[in-house]
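Written out below as structure tokens is the structure these notes cover.
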Amino acid sequence: IVDNLSRGIDDRGEILSFYNPGEFHMGCLRPCMHTHTFSLLGDTLYLTSYQRSCDVPLGQNFNQVQVFTFLKLIAQITGHKPGMAYHKIVNAHIYEDQLELMRDVQLKREPYPSPQLNINPDIKTLEDLAVELTGYLANAPHYEDKLNALRRFRNEEFLRIALNDIHGHTPQGQTTLQLSLVADTCLQQALVIARDELSERYGLPYCEDAKGTSHEAAFAIVGLGKLGGMELNYHSDLDIIFIYEGEGKTRPVAAADPDRFKLQTNQQYFVRLAQRIISILTLMTPEGHVYEIDTRLRPSGNQGPLVSSLPAYRQYHESSAAPWERQALIKARVVAGSTELAASYESFTAEIVYERPLPDNLAEEIYRLRQRMEKEIGKEDARHRNIKTGRGGMVDVEFVAQYLQLLHGRDRPSLRCRNTLDTLSGLLGEALLSAQDFENLTSGYKFLRRLENKLRLVHDQSVNELTSDPASLAKLARHLGY
């Protein structure tokens with residue numbers, strides 16, 4: 001129904017019914033309010049809802065609000081204007097013990113105000129999300145149950161965020177923050193699940209510190225790109241890399257069957273751990289998948305190892321990394337794993353990004369990379385525009401900000417930001433952007449992010465292309481509130 005109405009199709013079959021016994025539990029009044037019929041007239045959406053039985057004193061007002069809410073929601077989701085909602089009741093009744101309530105209260109009071117659609121606008125913290133997901137997983141005894149619990153959590157949180165977003169309850173910037181926090185929470189719990197799954201067979205990895213004391217080797221997941229900058233949108237891939245503390249070997253855990261234990265080097269163990277984390281998040285189950293994962297920003301890309309020890313990672317970036325890899329580290333953020341390893345990693349990353357001398361051809365390298373992205377990824381023509389990697393797209397704003405960060409971040413700590421909008425504010429505060437340039441870049445970037453947001457909500461997939469078709473543009477404009 002949503003797909004048809006979004007495309008302006010009304011084939012007289014846009015009917016949703018909960019009257020079948022197997023669907024009673026899915027309806028709002030099991031099964032009193034049983035059937036809903038949508039009709040399109042031009043750009044206006046109408047709804048007729050049928051109710052077979054209605055308790056007038058106690059239920060009718062609330063049933064009417066349910067009908068209104070249903071029409072308003074579907075109109076917003078499908079990009080139409082809400083018209084009239086018709087609420088048809090077959091058997092309206094007043095019980096004998098409700099006569100006084102009707103006579104002395106209901107018929108004498110002032111009418112309720114016209115209903116307004118207010119979706120819960122609460123913004124959840126990382127701690128809120130972690131507590132909720134931990135509760136979900138505690139009730140999932142088996143590995144497959146945990147996979148589905150993780151997917152249900154992600155889907156429910158996306159629905160909450162999207163409904164608040166559609167109705168305008170979420171300030172700009174909070175949607176991307178909320179989506180990023182959900183991703184952080186899922187990654188953290190995926191690490192816990194993966195570690196538990198490997199422990200009986202492969203034990204836990206150990207290494208030695210500078211004093212020769214043995215301890216469990218630390219591990220961390222690093223987010224890059226939009227994840228690192230807390231700027232995720234709907235259907236964003238997660239750009240991640242995996243880091244571990246150092247070399248060593250695994251040891252069996254207590255209470256594990258020693259006959260099943262298989263010795264692994266730390267490199268072997270952490271490769272298995274990373275592979276299991278990716279599988280937990282990407283495997284398609286009846287509940288869908290959690291995220292698509294991209295690990296190509298690791299040292300040497302697809303040709304390099306899936307996981308790197310911190311010393312090997314440091315050596316790579318000191319000797320072999322290209323300028324664009326240094327630029328990518330601006331957004332690097334540890335999203336899961338050891339806090340001690342996170343501190344070491346982030347200290348080293350700040351040194352690599354901001355303290356090392358810049359190459360003489362930095363501007364030319366960034367420009368060359370940007371031109372290549374525009375040509376190979378943007379692929380624009382007269383009928384299609386790519387609002388992310390095309391000419392004048394979001395990447396232009398991000399590259400301007402990142403170039404100025406690399407240029408001035410050594411002496412101006414306020415520019416060491418991961419978030420693009422925070423960086424632009426810092427550049428304005430340091431007088432490295434004029435007020436006019438700041439306004440142009442910020443307003444343009446916010447508009448394009450909002451446009452990307454709506455495109456992905458409408459198409460329910462990762463979309464960055466904008467067609468020149470007038471009808472499609474008009475519908476998209478309505479989604480944006482114009």
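Heads up: numbering here begins at 1 and tracks the sequence. No experiment lies behind these values; they were computed from the predicted model shown.
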Candidates Q402, E398, E231 - the one meeting side-chain hydrogen bond (donor to acceptor under 3.5 Å, both in side chains) with K331: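 So, applying the side-chain hydrogen bond (donor to acceptor under 3.5 Å, both in side chains) to K331 and each of Q402, E398, E231, only E231 qualifies.
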
If you take all heavy atoms of [X] and [Y], which pair is closest and at what distance?
X	Y	value
A217	G246	CB-O, 4.5 Å
A328	L224	O-CD2, 3.8 Å
A149	L133	O-CD1, 4.5 Å
R151	L283	NH2-O, 2.7 Å
P82	L71	CB-CG, 4.2 Å
L45	T78	CD2-OG1, 4.3 Å

Please round to the nearest 0.5 Å and tell me the distance separating atom [atom1] of [X] and atom [atom2] of [Y].
X	Y	atom1	atom2	result
Q189	L129	CD	CG	11.0 Å
L329	F348	CG	CZ	7.5 Å
L191	I280	CG	CD1	8.5 Å
D294	T282	CG	OG1	12.0 Å
K454	D165	NZ	CG	4.5 Å
L427	L433	CG	CG	4.5 Å

Check for a donor-acceptor pair, side chain of [X] on one end and backbone N or O of [Y] on the other, with a separation under 3.5 Å.
X	Y	value
S443	E439	yes
N386	E380	no
D381	H384	yes
S425	L421	yes
D10	L41	no
R410	Y354	no
Q188	V335	yes
N453	R449	no
H80	L5	yes
R298	I241	no

Step-by-step salt bridge (Lys or Arg N to Asp or Glu O under 4.0 Å) determination, D43 to R478: CA-CA 10 Å; D43 188 39; R478 287 193 294 273; 3.2 Å; yes

Does a side-chain N-to-carboxylate-O contact under 4.0 Å join [X] and [Y]?
X	Y	result
E197	R276	yes
R195	E216	yes
R333	E346	no
E374	K388	no
K124	E157	yes

Name of the residue among R370, Q371, E365 meeting side-chain contact (heavy atoms from CB on, under 4.5 Å) with R368: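 Exactly one candidate clears the test, E365.
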
Result of checking L177, D184, L227, L181 against L232 for side-chain contact (heavy atoms from CB on, under 4.5 Å):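 Checked L177, D184, L227, L181 against L232; only one passes side-chain contact (heavy atoms from CB on, under 4.5 Å): L227.
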
Give a yes-or-no answer on whether the side chains of [X] and [Y] include a donor-acceptor pair shorter than 3.5 Å.
X	Y	result
N440	Q436	yes
E325	Y316	yes
T265	E247	no
D128	T125	yes
Y345	E340	no
Y234	Q461	no

Over 12 non-hydrogen atoms of neighbours within 6.0 angstrom of [atom1] in [X]:
X	atom1	answer
Y367	OH	no
Q315	CD	no
D360	CG	no
R391	CZ	no
Q303	CD	no

Taking the side chain as everything from C-beta on, heavy atoms only, tell me whether [X] gets closer than 4.5 Å to [Y].
X	Y	result
L480	R450	yes
L455	N464	no
T467	R383	no
E292	S462	no
L179	S236	no
S472	L476	no

Aromatic plane relationship, F219 with F270 - under 30° parallel, 30 to 60° tilted, over 60° perpendicular: parallel

Cationic tip of R154 above Y291 ring, under 6.0 Å, 45° of axis: yes

Salt bridge (Lys or Arg N to Asp or Glu O under 4.0 Å) between R456 and E452, intermediate numbers included: CA-CA 6 Å; R456 293 183 176 200; E452 178 187 52; 3.2 Å; yes

Verdict with reasoning, V463 to H235, per side-chain contact (heavy atoms from CB on, under 4.5 Å): CA-CA 9 Å; V463 176; H235 298 288; over 6 Å; no

Aromatic ring proximity, centroids under 6.0 angstrom, F38 and Y46: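 Y46 vs F38: aromatic centres not under 6.0 Å.
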
Residues F242, V222; criterion side-chain contact (heavy atoms from CB on, under 4.5 Å); working and verdict: CA-CA 6 Å; F242 303 101; V222 180; over 6 Å; no

From CA spacing to verdict: side-chain contact (heavy atoms from CB on, under 4.5 Å), T295, I278: CA-CA 10 Å; T295 62; I278 293 171; 4.1 Å; yes

Evaluation steps, salt bridge (Lys or Arg N to Asp or Glu O under 4.0 Å), between E430 and R416: CA-CA 12 Å; E430 295 286 352; R416 299 184 180 189; over 6 Å; no

Verdict with reasoning, L40 to T44, per side-chain contact (heavy atoms from CB on, under 4.5 Å): CA-CA 6 Å; L40 269 177; T44 304; over 6 Å; no

